[in-house]
Amino acid sequence: MGVTNWPRRVLVTGGAGFIGSHLCRRLLAEGCEVIAFDNLLTGRIENIQPLLGHAHFEFQHYDVTNFLYVEGPLDAILHFASPASPADFERLPIQILKVGSLGTHKALGLAKAKQARFLLASTSECYGDPEVNPQPESYWGNVNPIGIRGVYDEAKRFAEAMTMAYHRHHGVDVRVVRIFNTFGPRMQVDDGRAIPNFFRQAIRGEDVTLYGDGSQTRSFCYVDDLIEGIWRLLNCSHVGPVNIGNPREMSLRAMAEKIIEITSSESRIVTRPLPPDDPKVRRPDITLARKVLNDWEPRIPVEEGLRRTCDYFVSELAAGGH
Ligand code: NAD
Ligand code: UDP
């Protein structure tokens, strides 16, 4: 990493979140000037604390569903603001719909005004509870628009449609990434997603809660691999959507057992009801990513990623959790 010629000045929405904070670090390491907007709805200032003194970093506590104003040029806007945990789908349904629709609209308007490249953080949730496995980008999905996950799935599908409309109608230069389950340091201990729940419970010696019988699958990608893929997508000519994720699919029961093993925990696994519309399988087809992102594929094995993440959760919980 060094000093990049492009992009020089970048706005990251959701910059204080889990993925956003990793992205800000990577962009700074590439020599970019970074502006992060975040209303701290599900993010934390601690995620970007070390960046606050950086000469090329600026943070604004701001809700991006409102009119966006940035002084001076912008080369790229990376729109990552949105709660992402299924636990938030019931807690924050309106905020999720607003940031996916109004927030995307505002960020696209700013991209148009600044002639900046716009990169949308979309999601594997666009595929809903898929009837095709693995999921290629050409699959249109199986989403229940009025179910509890619908607020997130439909907001992201709307965001993709809005992004493509700005691209086709206004000529805005866009990229769309469909992110599959990603994990790593700076996930919130209590955000309700499977990996933080399993680590918190296992480290504390509490029961590990498996929803359903645990046969449902996901494919978990370590955050550094995702960030590398996003950086390559930002710098390539392919509009997308492009799946980025780890094609290694595993059951949630296997993940719970792995986390119990890695934490050397004596916790036992207990089952809880499966939430409605919970996808039964999920696995990215990354053929397109390999092709257009210069042979990109995940480099960090899940076990290695989990060990790094374990160190983070152990220190977070020792510091009192949150
Ligand atoms: P996160 O909750 O840690 O980060 C989201 C950030 O957006 C938070 O800091 C939050 O405060 C901020 N935010 C929410 N609404 C906002 C608003 N109206 N104005 C300004 N800021 C706002 O979640 P994450 O896992 O880092 O996800 C980041 C992005 O990646 C999201 O768009 C999510 O949909 C997408 N994504 C994540 C995953 C994953 O596995 N982590 C998978 C698919 C897609
Ligand atoms: N899950 C679980 N126990 C938990 C939290 C989640 O078994 O304590 C399951 C959840 O039902 C889903 C999978 O783990 O099948 C992944 O859930 P997560 O919330 O991480 O994200 P999703 O992939 O569903 O968006």
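Atom CD1 of Ile94 and atom OG1 of Thr65 lie 12.5 Å apart (nearest 0.5 Å). Between the CD1 atom of Ile35 and the CD atom of Glu58 there is a distance of 5.0 Å, given to the nearest 0.5 Å. Distance check, rounded to the nearest 0.5 Å: SG of Cys24 to NE2 of His54 gives 11.0 Å.
Using a cut-off of 4.0 Å between Lys/Arg side-chain N and Asp/Glu carboxylate O, Asp75 and Arg8 are scored as not salt-bridged.
A donor-acceptor pair under 3.5 Å links the side-chain atoms of Gln135 to the main chain of Val132, judged by distance alone. A donor-acceptor pair is defined here as one N or O able to donate and one able to accept, closer than 3.5 Å; no such pair exists between the side chain of Asp38 and the backbone of His61. Of the possible polar contacts, one joining the Arg178 side chain to the Glu137 backbone as a donor-acceptor pair under 3.5 Å is found. One N or O on the side chain of Thr13 and one on the backbone of Ala81 form a donor-acceptor pair closer than 3.5 Å. Although no hydrogens or angles enter the test, the distance criterion places a donor-acceptor pair under 3.5 Å between the side chain of Tyr312 and the main chain of Met187. Between the Ser82 side chain and the Ala84 main chain, no donor and acceptor come within less than 3.5 Å of each other. No donor-acceptor distance shorter than 3.5 angstrom exists from the side chain of Glu266 to the backbone of Gly205, with no hydrogens or angles considered. Without hydrogens or angle criteria, Ser315 side chain to Phe313 main chain gives no donor-acceptor distance under 3.5 Å. Here the side chain of Asp88 pairs no donor or acceptor atom with the backbone of Arg91 at under 3.5 angstrom. Formation of a donor-acceptor pair under 3.5 Å by the Asp277 side chain with backbone atoms of Arg149 is not found in this model.
By the side chain to side chain contact (heavy atoms under 4.5 Å, CB included) test, Val292 is found to be paired with His238, Val242, Leu288, residues two or more places apart in sequence or in another chain being considered. Residues satisfying the side chain to side chain donor-acceptor pair (under 3.5 Å) test with Asn39, not counting sequence neighbours, are none. Residues passing the side chain to side chain donor-acceptor pair (under 3.5 Å) test with Arg193, sequence neighbours excluded: Asp191. By the salt bridge (charged side-chain N to carboxylate O under 4.0 Å, His left out) test, Asp285 is found to be paired with no residue, residues two or more places apart in sequence or in another chain being considered. In this structure, Arg253 has no side chain to side chain donor-acceptor pair (under 3.5 Å) partners at least two apart in sequence or on a different chain. Shown here are the side chain to side chain contact (heavy atoms under 4.5 Å, CB included) partners of Glu154, two or more places apart in sequence or in another chain: Val143, Pro145, Arg157. The salt bridge (charged side-chain N to carboxylate O under 4.0 Å, His left out) search around Arg299 returns Glu297, not counting sequence neighbours. In this view, Lys258 and Glu303 satisfy the salt bridge (charged side-chain N to carboxylate O under 4.0 Å, His left out) rule, not counting sequence neighbours. Judged as a salt bridge (charged side-chain N to carboxylate O under 4.0 Å, His left out), and not counting sequence neighbours, Glu249 has no contacts. Annotation: side chain to side chain donor-acceptor pair (under 3.5 Å) contacts of Ser265 (sequence neighbours excluded): Ser267.
For Gln115, the CD atom counts as loosely surrounded, since its 6.0 Å shell holds 12 or fewer non-hydrogen atoms of other residues, nucleotides or ligands. With a 6.0 Å radius and a threshold of 12 heavy atoms from other residues, nucleotides or ligands, Trp6 has its CH2 atom above the threshold.
In this structure, Tyr152 and Thr123 have side chains that are in contact, with non-hydrogen atoms separated by less than 4.5 Å. Within the 4.5 Å cutoff, side-chain heavy atoms of Leu78 are placed close to those of Leu234. The shortest side-chain heavy-atom distance between Arg218 and Leu252 falls under the 4.5 Å cut-off. Put simply, the side chain of Ser124 does not reach to within 4.5 Å of the side chain of Pro284, judged on heavy atoms. Side-chain contact between Met255 and Ile259: present, with at least one pair of heavy atoms (C-beta onward) separated by less than 4.5 Å. Contact check for Leu119 versus Val174: no side-chain heavy atoms found under the 4.5 Å cut-off. Side-chain contact between Arg268 and Val208: absent, with no pair of heavy atoms (C-beta onward) separated by less than 4.5 Å. A heavy-atom distance below 4.5 Å is found between the side chains of Gln95 and Leu41.
Note on Ile286 and Ile230: same hydrophobic cluster, where clusters join Ile, Leu, Val, Met, Phe, Trp and Tyr whose side-chain heavy atoms are under 4.5 Å apart, directly or indirectly. Both Met164 and Val172 are part of a single hydrophobic cluster, where members link through side-chain heavy atoms under 4.5 Å apart. Tracing side-chain contacts under 4.5 Å through hydrophobic residues (I, L, V, M, F, W, Y), one reaches Leu27 starting from Ile19; they form part of the same cluster. Under a hydrophobic clustering in which Ile, Leu, Val, Met, Phe, Trp and Tyr are joined whenever their side-chain heavy atoms come within less than 4.5 Å, directly or via other members, Ile195 and Val270 fall into different clusters. In the hydrophobic clustering of ILVMFWY residues, with side-chain heavy atoms under 4.5 Å counting as a link, Phe80 and Leu28 come out together.
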So Asp224 and Arg308, salt bridge (charged side-chain N to carboxylate O under 4.0 Å, His left out) or not? Walk me through it. CA-CA 11 Å; Asp224 289 3; Arg308 295 187 198 178; 3.6 Å; yes

Stepwise salt bridge (charged side-chain N to carboxylate O under 4.0 Å, His left out) test for Glu316 and Arg44: CA-CA 13 Å; Glu316 278 294 295; Arg44 297 195 303 153; 3.3 Å; yes

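Defined by atom type and a distance below 3.5 Å, a donor-acceptor pair is missing between the side-chain atoms of Asn235 and Arg232. For Asn142 and Asp129, the side-chain atoms include no donor-acceptor pair closer than 3.5 Å. Between the side chains of Asn243 and Tyr127, at least one donor N or O sits under 3.5 Å from an acceptor N or O. A donor atom on one side chain and an acceptor atom on the other are found under 3.5 Å apart for Arg282 and Asn181. Side chain to side chain, Arg186 and Ser21 meet the donor-acceptor criterion of an N or O pair below 3.5 Å.
Among all heavy-atom pairs drawn from Val151 and Leu97, the shortest one is O-CD2, 3.4 Å. For the residue pair Val302 and Met250, the shortest heavy atom distance occurs at CG1-SD, 4.4 Å. The shortest heavy-atom contact between Ser215 and Ser251 is O-CB, 4.1 Å. What you find for Leu11 and Leu110 is that their closest heavy atoms are CD2-CD2, 3.6 Å. Nearest approach of Gly43 to Gln188, heavy atoms of both residues: N-NE2, 4.0 Å. The shortest non-hydrogen separation linking Asn246 to Ser219 is O-CB, 2.8 Å.
Listed by first then second residue, pairs satisfying ring pair (Phe, Tyr, Trp, His ring centres under 6.0 Å) with a partner in residues 14-48 read Phe18-His22, Phe37-Tyr62, not counting sequence neighbours. Within the structure, ring pair (Phe, Tyr, Trp, His ring centres under 6.0 Å) contacts touching residues 203-236 (residues at least two apart or in different chains) are Phe183-Tyr222.
Note on ring orientation: taking the six-membered ring where Trp is involved, the planes of Tyr166 and His105 are perpendicular (angle over 60°, cut-offs 30° and 60°).
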